[in-house]
Protein chains: 2
Amino acid sequence: MKAAILGFGTVGVGVYEMLQKCEGLEPGPVLVRAGKVNADYKTDDLDQILSDPSVHIVAEVMGGTEPAFTYVSAALRAGKHVVTSNKALVAAHGLELNALAREHGVAFLFSAACGGAIPFLHNLALAAQTDKILSVGGILNGTTNFMLDAMQTDGCDYGEILAEAQRLGYAEADPSADVSGLDALRKIMLACAVAWGVLPSEGLNHEGIDSLTAADVAHFKEKGLVCRLLAHASLDECGRLSAFVQPVLLPQTAQEAAVKKNFNLAKYHGENAGDILLSGQGAGRYPTASAVLRDMSAISLGHRNMFPAGLKADAVHNELAKCRYYIRLPREAAGAFTFESQEEDGGLVRGVTAPMPVSRMHALASELRASECKLFFAAMEESK
Amino acid sequence: MKAAILGFGTVGVGVYEMLQKCEGLEPGPVLVRAGKVNADYKTDDLDQILSDPSVHIVAEVMGGTEPAFTYVSAALRAGKHVVTSNKALVAAHGLELNALAREHGVAFLFSAACGGAIPFLHNLALAAQTDKILSVGGILNGTTNFMLDAMQTDGCDYGEILAEAQRLGYAEADPSADVSGLDALRKIMLACAVAWGVLPSEGLNHEGIDSLTAADVAHFKEKGLVCRLLAHASLDECGRLSAFVQPVLLPQTAQEAAVKKNFNLAKYHGENAGDILLSGQGAGRYPTASAVLRDMSAISLGHRNMFPAGLKADAVHNELAKCRYYIRLPREAAGAFTFESQEEDGGLVRGVTAPMPVSRMHALASELRASECKLFFAAMEESK
């Protein structure tokens, strides 16, 4: 099968190179921007790609919602199978694209958009057909895991390690989607849609690591705790979903604590299968390209859909999920919380709350920050 | 699709129950031994199952090579898709069964035979189509991991924890396949066949944990090391395979060290994907049944083969793989090895060798044991 590629950045080049070496697949034309057509296999004309009957699959690896949405919609309408690594696109337009693909009887797969090289969504989709998925989550952002691991291991400062991540190409020039937790949130939205047929549309919460300091990390270490940025979504007994991203403090023996550098760890809990964990490179040229090619291979085996047929958008209910929270904030703001235990450290209070609704914690943090209060918070995971 | 079940033990009952609740699949007749037919859905007549045109899939969950091999062969010849959880069967007769399934155009899938609930072989098969797999391995036996974890955490004695594992149903009355490493070896043989199209036929080595003492574990702990029973197979630059099972000493921060109780951790390294790790329950009624049903679901999506078309049997070359070994043995036998460092402890020597061929270490251990020498050995994995 011949696969055209939309976009020739980090991932696009990897996909092109892998297609050249892969039995049963071959590279088709590559769409680049006008003025960038400097080789025979490149074109700036999408219609030429879509009208070529020898192109069976279109791999969209441009990123961003536009023009990706317009191009992918056109490819599906033209009867091409689509594979994409673009989480922003699928989180924003998953419903329309799923419907379009089903209407035109073509595949719409996006393994690479959540977990990079890890075959997470593929397995989740397969598991959801025969098992009841009760929760999904994990470390879904490699940039922040790289930073957290370095802060924990080497005691680096936040600004210092962010600059290092940018130098190594792990973080973008504008790192806000990564460090704010938004990137991980988009990924857990996709996992919700695959596991439960619900693409969360409101009520979501995300907190990143941009308030974390070296002093915070030193304090966790003293207590034998490790900080990781975790995405989490679960289904309660009444079928209501919660979905959020936040820092979590874990014992050093936790599986998540053993995830080093820019690796990801995705997991789900099936009623019958129990806990299933998958770990690997969440980003990078060849890891991400390997997921794009794995989806192409799945298409050749007959796979068509990662989302279930009746996919719908719905609100999540983060007021139903409860966590104990570790909070660091100035003494004068500490009255906003009731702590079960607390310590003072200069003008700062470090306290741990009783279990409280996730949505409430995120809302209180927003309110306090609106009045210039600097705070960090993380959920406490009990040692099992 | 209707699925018949051969065998109604721990896994068979789980498969039957899950099929009753699963959309798109339904339970067919269950084959039990003569004299055990005590319900309408049970039969002791295989021919009745195989001649029933409404049965599309046969799930073999009896275990052992006979009569499983005769029954599975008959099912494939009768044009039924086959799913099995039986590693002994597939390790012993994979070639014939793969050929039979392809000849009759039906599926032969066996996810549950390696890693239990973990979707390992399924992913490995998919990854091998588009990436070059360089190594496979991990913790593939839950019984011994349960024992090693308890010995490490609670300081239990080997005999004591084996009895506990038997009481909990994790170990069989005859635990020799688990504790000798043979069970894990069969599983890594299947992974080799899936990844490289070679079912190893000779030159394999396996060492279990049956020589391990509480004093050994206390000694590892002092040095910050954790013992795990690891299967490993890899491909060298010339395309030669090595495959073996042996205890390995790891730093406490290793991913394998975080695998607790009876969990498994399967992994592969793809040239492009990098390291991919998968963890979950390696055994038990519902985890194993969930893997059997996942294979059935894969059949409904069009999957037919887990083994590649040209599957062949071949010898492995464990003389090419080298490890540094930690060895505990009586002082009078220590001359069999050259140690880079060693300690004496009563009449025992605990030494660490320079890197030496895996096959040589296993052969030396056999020779020494043939003359009644009691020794324990484990490979040393360097901290990364």
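Note on naming: letters A, B, ... go to the chains in the order of the sequence lines (proteins, then strands), and numbering restarts at 1 for each one.
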Just checking A:Lys132: does its NZ atom have more than 12 heavy atoms from other residues, nucleotides or ligands closer to it than 6.0 angstrom?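 Incorrect, the count does not exceed 12.
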For atom CD of B:Gln20, decide whether the heavy atoms of other residues, nucleotides or ligands shown that lie under 6.0 angstrom number more than 12.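 More than 12 heavy atoms, drawn from other residues, nucleotides or ligands, come within 6.0 Å of this atom.
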Mind ranking [options] by heavy-atom pairs under 4.5 Å with chain B and telling me who comes out on top?
options	value
A:Leu293, A:Asp131, A:Thr288, A:Leu19	A:Leu293
A:Asn272, A:Leu25, A:Val259	A:Asn272
A:Ala266, A:Ala127, A:Ala254, A:Pro287	A:Pro287

Do you know which two heavy atoms are closest between A:Leu126 and B:Arg294, and how far apart they sit?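 In terms of heavy atoms, the two residues are closest at CG-CG, 3.7 Å.
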Closest approach of B:Gln255 to A:Ser279 (non-hydrogen atoms, all atoms of both residues):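 Reported closest heavy-atom pair: NE2-OG, 4.1 Å.
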Taking [options] one by one, which has the highest count of heavy-atom pairs under 4.5 Å against chain A?
options	result
B:Gln129, B:Gln281, B:Lys21, B:Glu17	B:Gln129
B:Gly14, B:Cys22, B:Ala273	B:Ala273
B:Ser297, B:Gly280, B:Ala257	B:Ser297

What are the residues of residues 115-123 of chain A, in order of number, with any heavy atom under 4.5 angstrom from a heavy atom of chain B?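 The list, in residue order, reads A:Ala117, A:Ile118, A:Pro119, A:His122, A:Asn123.
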Return the [atom1] to [atom2] distance between [X] and [Y], rounded to the nearest 0.5 Å.
X	Y	atom1	atom2	result
A:Ile276	B:Ser290	CD1	OG	6.5 Å
A:Thr253	B:Gln252	OG1	CD	10.0 Å
B:Asn264	A:Leu277	CG	CG	12.0 Å

Close side-chain approach of A:His303 to B:His303, heavy-atom, < 4.5 Å: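 A side-chain contact exists here, since the closest heavy-atom pair is under 4.5 Å.
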Interface moiety of B:Ala289 toward chain A, non-hydrogen atoms closer than 4.5 Å: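 No part of it gets close to chain A.
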